[in-house]
Amino acid sequence: MIFRKKECVAMLLAGGQGSRLYALTKKVAKPAVRFGGKYRIIDFPLSNCVNSGIDTVGVLTQYQPLVLNEYIGNGLPWDLDRSFGGVKILPPYQGQKGGDWYKGTANAIYQNLAFINRYDADYVLILSGDHIYKMDYDKMLDFHKAKGADCTIAVIDVPLEEASRFGIMSTNPDGSIYKFTEKPKNPDSTNASMGIYIFNRKKLCDYLIADEADPASSNDFGKNIIPNMLAAGEKMYAFPFEGYWKDVGTISSLWEANMDLLGDTPVLDLSGNDWRIFARHSASAPQFVGARASIENCYITEGCEIYGTVKNSVVGPGVKIMAGAHVEDCVLMGDCVIETGATVQYAIIDSDVVIGEGATVGAPRATGAEIAVVGENITIAAGATIEPGAMLSE
Amino acid sequence: MTAAGLIFANIHDQSIPELTRVRSMASVPFGCRYRLIDFTLSNMVNSGINRIGLITHHNYQSLLDHIGTGKDWDLARRSGGIKLIPPYVTAYDQGVSGTPAHRLETLFGARNFIAHCNEDCFVLSDCDIICNIDLSEVIEYHAATGADITFVTKRVDASSMHLAEQVSIIAADENGVVTDFTCTRPEEGIVNLYTNIMIVSRAYLLNVLNNAAAHGHRSLFTDVIAPSLGKANYRAYEYDGWYAYIGSLEGYFASSMDMLAKEAREGLFGIKNRPVLTKVRNSAPTKYKEGADVKNSFIADGCVIEGTVENSILFRGVKVGKGTVVKNSILMQDTYTGSDVTLNCVITDKDVTIRDGRHLSGHETMPFFVGKGVSV
């Protein structure tokens with residue numbers, strides 16, 4: 001076995017159900033939810049790791065791991081197929097004294113301390129699989145080292161009125177954290193935690209072991225580990241991140257993040273070669289646009305056949321939009337068919353869905369309607385009507 | 001019966017000198033994001049052939065770049081996988097001549113590879129063909145007939161094929177036994193075209209190579225096959241799927257435009273369990289901006305379209321500017337068109353820049369070709 005010490009290993013928490021995505025996470029874990037045409041949410045943290053020079057990533061899975069496991073595979077799309085290191089799936093397991101499900105984010109890492117120690121890493125980067133962003137973790141690591149910190153937490157400046165949805169860090173002028181409040185009613189800062197942490201490995205081990213010994217703990221980074229470290233006076237710093245970052249944990253934020261790809265100067269730009277987001281490739285044919293198609297302000301990928309009208313939409317691989325169909329303000333995840341004369345507006349359509357001839361899904365966004373969601377593998381009968389705000393699952 | 005593959009990357013380079021000036025026939029771009037070799041490689045991999053020798057002669061930098069380790073075709077293997085076989089030149093040789101050698105000489109250069117394969121037969125394929133063929137069926141046929149060589153043929157209408165100077169026409173009896181093999185240029189009528197795919201039994205191939213060395217044979221067809229007609233067991237296997245053959249720039253243009261027809265796309269890309277694999281480039285999806293007007297076109301990922309595109313093929317990373325009209329054209333990877341450009345029957349090679357307001361036009365029988373990296 002080749003052995004090479006790794007300076008920093010990443011642990012990606014990908015076990016959550018993502019229950020606020022309802023039908024979209026019925027059969028897949030949240031990190032495996034499709035995004036932006038050809039991607040899945042997990043492509044963002046994985047690509048960020050590779051682009052930042054981190055080549056060892058443990059992916060902690062628990063909820064509905066089948067699709068996620070297959071998608072990650074040997075890590076080839078992200079250049080994480082390595083002789084030593086690379087991407088490894090870490091499910092809960094049985095040991096000599098029995099085993100347990102991951103009880104919380106901290107417990108999930110605790111159960112895999114052997115993985116971290118195996119690489120003799122100095123630093124551990126904790127990531128979650130539910131955010132869309134492009135970030136150089138190496139800069140954050142440099143910051144962490146320069147500050148001589150025990151723990152560094154990436155923060156982003158959020159509008160004051162939204163601050164109470166996040167974990168808020170109160171910092172001194174040098175960036176050190178003196179107070180952390182989870183979802184404060186009256187926030188005294190707008191530095192929101194992005195759920196990205198860098199720990200010195202030894203410190204992390206100590207706190208995880210102590211936390212595990214405490215039966216009252218909910219074994220969570222935000223609720224237990226961070227407050228405990230702060231209370232003990234460890235050196236904790238906030239690393240300010242500037243750029244696009246979006247939590248796509250809800251239907252509306254997932255829709256918005258997809259729409260952020262559109263427009264003349266999109267806030268989320270995935271083009272260019274400087275910070276590429278990698279994805280597992282679908283090996284389908286290029287997209288075909290028919291003689292009577294009309295496409296405006298759209299993001300469309302391989303395997304699609306467009307014969308109808310599509311506006312302000314993000315269209316995943318293998319989607320067929322037949323002649324006379326009208327799709328507007330939609331996210332089509334992939335491999336669905338919108339039959340002739342169907343109208344789909346302000347909706348998220350999951351993969352392998354068929355919208356029958358002349359069916360109507362959702363209502364124009366301008367009417368103030370809510371997003372309609374059609375879950376995986378559903379067939380909407382010809383002529384049927386699906387109300388805005390509907391949430392269909394099998 | 002197990003099979004290994006041998007692919008000839010450079011044979012037929014002279015058919016389309018415009019596109020092969022900077023690359024081999026194997027790496028000629030086709031169909032938005034493929035290289036011609038992708039079709040042959042995918043056919044082999046989809047048919048369970050995992051040991052492939054790729055015979056090159058010259059101009060193969062772009063081919064090396066495309067193939068890499070072979071992992072996009074699952075051909076990065078410890079056992080088998082893809083091996084590049086460049087010309088065998090010793091320190092005392094005069095160097096490599098500018099044109100590819102005869103097929104037999106080329107095979108002789110690959111004799112070490114061939115000798116080390118223990119598969120029962122070899123699938124030999126050139127890179128001037130585009131099809132999605134199940135080679136395992138041909139191999140079964142080869143085994144069942146006990147053939148020395150099985151030639152894959154396709155019935156085509158000569159007048160619609162844009163054939164090269166010379167093609168091989170095969171005549172066979174009702175049992176598939178080859179009765180005649182001619183090199184000619186048919187003008188019209190239905191002909192039984194040899195597709196440049198053949199299956200050769202291992203023992204027969206080694207025998208042919210040894211004989212060639214002993215007797216100074218140079219051409220596989222004139223020195224080996226023609227004299228053996230009626231003696232050796234040569235069979236013809238008729239392939240009836242979609243097939244294109246690139247014999248000229250005009251033919252390249254016509255076959256590319258064929259991709260706009262549903263039958264062609266389905267015959268090539270729509271076959272279940274037989275995907276066409278290529279090097280992954282990780283482009284973002286294609287962006288259709290406000291004002292984009294796209295009709296009847298075949299488009300890769302990574303494009304940004306603000307203008308009008310009709311009856312055209314856009315490769316990865318093509319930019320179509322505001323007010324620009326692209327019709328009946330093929331724009332290869334990273335072609336950039338400024339605003340208010342018009343293009344009609346134009347083929348742009350990779351990295352071409354068409355500045356604002358330029359108007360270029362060819363004709364479908366003579367497409368206007370803009371070479372790699374040129375700015376207009």
Side-chain angles (χ1 to χ4, degrees), chain A residues 35-39 43 47 50 74 76-79 81 258 261-266 268-273 276-307 310-319 334, chain B residues 31-34 38 42 46 69 71-74 76 132 259-262 264-266 268-271 274-306 309-317 319 322 334:
Chain A
F35 177 81
K38 68 193 296 184
Y39 307 95
D43 288 330
S47 302
V50 178
N74 65 351
L76 185 146
W78 308 271
D79 275 344
D81 50 333
N258 273 286
L261 293 160
L262 302 179
D264 260 2
T265 44
L268 173 59
D269 187 2
L270 302 181
S271 65
N273 284 333
R276 278 193 293 177
I277 303 301
F278 303 95
R280 191 169 282 277
H281 178 67
S282 70
S284 38
Q287 50 198 290
F288 179 74
V289 180
R292 285 186 191 80
S294 164
I295 306 176
E296 252 188 295
N297 195 29
C298 284
Y299 213 48
I300 301 181
T301 189
E302 287 152 0
C304 291
E305 290 177 39
I306 314 289
Y307 304 97
V310 199
K311 264 185 174 175
N312 310 333
S313 295
V314 174
V315 182
V319 169
Chain B
C32 296
R33 64 154 189 226
Y34 302 95
D38 291 338
S42 301
N46 289 337
T69 59
K71 66 178 169 184
D72 287 317
W73 299 266
D74 273 345
N132 193 332
M259 289 292 110
L260 301 178
K262 199 176 176 73
R265 287 198 312 278
E266 281 180 356
L268 190 57
F269 301 111
I271 299 177
R274 306 190 53 80
V276 182
L277 305 170
T278 186
K279 180 184 174 190
V280 175
R281 197 192 180 210
N282 272 297
S283 326
T286 281
K287 187 161 231 179
Y288 298 79
K289 293 197 168 182
E290 301 278 354
D293 183 9
V294 182
K295 309 273 188 233
N296 196 38
S297 293
F298 203 35
I299 296 171
D301 270 5
C303 298
V304 178
I305 305 172
E306 285 185 81
V309 180
E310 265 178 50
N311 309 329
S312 293
I313 312 282
L314 305 190
F315 282 70
R316 294 185 278 209
K319 307 268 187 303
K322 248 193 189 104
D334 296 325

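Every heavy atom of this structure was used, including side-chain atoms; hydrogens, water molecules and symmetry mates were not. In what follows, every chain begins at residue 1, and chains take the letters A, B, ... in the order their sequences are listed. A quick note: this is a predicted structure, and the numbers were derived from the prediction, not measured.
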Which pair of non-hydrogen atoms, one from [X] and one from [Y], has the smallest distance, and what is that distance?
X	Y	value
B:Arg265	A:Glu305	NH2-OE1, 4.5 Å
B:Ser283	A:Tyr39	O-OH, 4.0 Å
B:Ala284	A:Lys38	C-CD, 4.3 Å

Hey, which of [options] has the most heavy atom pairs under 4.5 Å with chain B?
options	answer
A:Ile277, A:Ile300, A:Leu262, A:Leu76	A:Ile300
A:Pro286, A:Pro77, A:Gly316, A:Ala293	A:Pro286
A:Ser284, A:Ala279, A:Cys304, A:Gly37	A:Ser284

For the [atom1] atom of [X] and the [atom2] atom of [Y], what is their distance to the nearest 0.5 Å?
X	Y	atom1	atom2	result
B:Arg281	A:Asn273	CZ	CG	6.5 Å
A:Leu270	B:Lys287	CG	NZ	8.5 Å
A:Glu302	B:Phe269	CD	CZ	11.0 Å
A:Ile306	B:Ile299	CD1	CD1	10.0 Å
A:Gln287	B:Cys32	CD	SG	8.5 Å

- Query: Given B:Phe298 and A:Val289, is the side-chain contact (heavy atoms from CB on, under 4.5 Å) satisfied, shown in steps?
  - Reply: CA-CA 6 Å; B:Phe298 203 35; A:Val289 180; over 6 Å; no
- Query: Measuring heavy-atom distances to chain B, does A:Asp81 have an atom under 4.5 Å in its side chain, in its backbone, in both, or in neither?
  - Reply: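 For A:Asp81, side-chain heavy atoms alone lie under 4.5 Å from chain B.
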- Message: With a sphere of 6.0 Å drawn around NZ of B:Lys71, does it hold more than 12 non-hydrogen atoms of other residues, nucleotides or ligands?
- Response: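 Enclosed.
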- Contacting moiety of B:Val276, where chain A heavy atoms sit under 4.5 Å: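 Just its backbone gets close to chain A.
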- Message: According to side chain to side chain donor-acceptor pair (under 3.5 Å), who are the partners of A:Ser294, at least two apart in sequence or on a separate chain?
- Response: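 Counting only residues at least two positions away or on another chain, A:Ser294 forms no side chain to side chain donor-acceptor pair (under 3.5 Å).
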- Message: Applying side-chain contact (heavy atoms from CB on, under 4.5 Å) to B:Asn282 and A:His281, what does each step give before you reach the verdict?
- Response: CA-CA 8 Å; B:Asn282 272 297; A:His281 178 67; over 6 Å; no
- Message: Please rank B:Asn311, B:Val304, B:Leu260, B:Val309 by heavy-atom pairs under 4.5 Å with chain A and give me the top one.
- Response: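 Of B:Asn311, B:Val304, B:Leu260, B:Val309, B:Leu260 has the most heavy-atom pairs under 4.5 Å with chain A.
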